[in-house]
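Owing to the predicted nature of the structure, the values given are computational and were not obtained by experimental measurement. FYI, side chains are in, hydrogens and waters are out, and symmetry mates aren't considered; it's all heavy atoms of this structure.
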Amino acid sequence: MEIVVIGSHEFTLGFQLAGVTRLHHPSTEKEMESTINDLLKDSTVGIIVVDNSDLAQLSERLRERIAESITPTVLGIGTQEDNTLRESIKSALGVDLWK
Amino acid sequence: MALDIKPTRSELINLKRRIKQTQNGYKLLKMKRDGLFHEFRMLLADMIKAREDLLSTYREAIKSISLASSIEGALPVKSTAIAIATRPEVEVSKRNIMGVVVPSVTGEHLSSTIQERGIGLIGGSAYIDEAADAYSDLIQNIVKAAEMEATLKKLLAEIESTKRRVNALEFKVIPEMKEAQTFIQLRLEEMEREETFRLKRFKNK
């Protein structure tokens, strides 16, 4: 299975340097959503890496799908904090254990 | 609750047996929920640590690629990135935690040496190599964090469904069965009283 990176050219360049070849550079929010939707259905993808700031702009529905998806796992990285898992824990258990 | 049950002794015996079975199931589910929760809490601490590591390696990686781009220029960095020969891949297998099948992610070619990258020693640059190393470390941390995140999500879903089942048994199924049991018991007692009264009246005549 492959690692896929979605984001701007600056964001993906380093991953390309580490050997990742499947890079996506969606320019609009709509394009970003359709790219993620397509990748979530792709069985050859193991991990999707997305910039946290891009992840925060996605629709609530897609973010829920991302939070539930196990293969592929969508991982948000960036200087901004990714709270999707924290929110899932809060809604499932009723308490914020992420401390 | 509409009590659509026959007030007979056999029904009462059946109901008592079913209540016992349901209570056993309830206890087992409760233990499963607690066990899953314990497992979840242990993994969560590791996940928080993995997230922190991921963030620090990401910061390091950004720093190193910015340095490489500013010293060597954007074009050499891009051309080196295109020439890289090793491809990191992940393999997702399955493992079992208390009956919950969770993914186990292992990576291949996550880090590589300068020779393996296929860009040569002459054409390369120390800054670009450092950036490549930093991103290789980042990918290793990403694989680790992705596995833990997927595991936590699976455990969370299982905890949620077990919690629902436990609550349904505790607050709906068992109380309803007990209510039915009380209804049958009262009805049988009443029938017994009616029978005694009838016999007494019959005797008096």
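- Note that OH of B/Tyr58 is 5.0 Å distant from CG of A/Asp51, once rounded to the nearest 0.5 Å.
- Between B/Leu138 and A/Ile77, the closest side-chain pair of non-hydrogen atoms falls below 4.5 Å.
- Residues A/Ala18 and B/Ile139 share a closest heavy-atom pair of CB-CD1, 3.6 Å.
- Here the CG-NZ distance, from A/Leu93 to B/Lys163, works out to 6.0 Å after rounding to the nearest 0.5 Å.
- Taking chain A as the reference chain and counting heavy-atom pairs below 4.5 Å, the highest number among B/Glu89, B/Glu91, B/Lys153, B/Arg41 is found for B/Lys153.
- For B/Ile65, the part lying near chain A is the side chain, with the backbone staying farther off; criterion is any non-hydrogen pair under 4.5 Å.
- Proximity of A/Phe15 to B/Ile142: side-chain heavy atoms (C-beta onward) are separated by under 4.5 Å at one or more points.
- A/Gly46 and B/Val90 get closest at one heavy-atom pair: CA-CG2, 4.0 Å.
- The CD1 atom of B/Ile62 lies 11.0 Å from the CD atom of A/Glu10; values are rounded to the nearest 0.5 Å.
- Counting heavy atoms from C-beta on, the side chains of A/Leu75 and B/Arg51 come closer than 4.5 Å.
- Residues A/Ile47 and B/Val92 form no side-chain contact, since every pair of their non-hydrogen atoms from C-beta on lies 4.5 Å or further apart.
- Neither the backbone nor the side chain of B/Val102 has a heavy atom closer than 4.5 Å to any heavy atom of chain A.
- Rounding to the nearest 0.5 Å gives a distance of 6.0 Å between CG of A/Leu13 and OG of B/Ser69.
- Using a 4.5 Å heavy-atom cut-off against chain B, the contacting residues of residues 20-31 of chain A are A/Val20, A/Thr21.
- In this structure, the portions of B/Pro88 lying under 4.5 Å from any heavy atom of chain A include both its backbone and its side chain.
- In this structure, no portion of B/Ala61 lies under 4.5 Å from any heavy atom of chain A.
- The shortest side-chain heavy-atom distance between A/Ile89 and B/Leu44 falls under the 4.5 Å cut-off.
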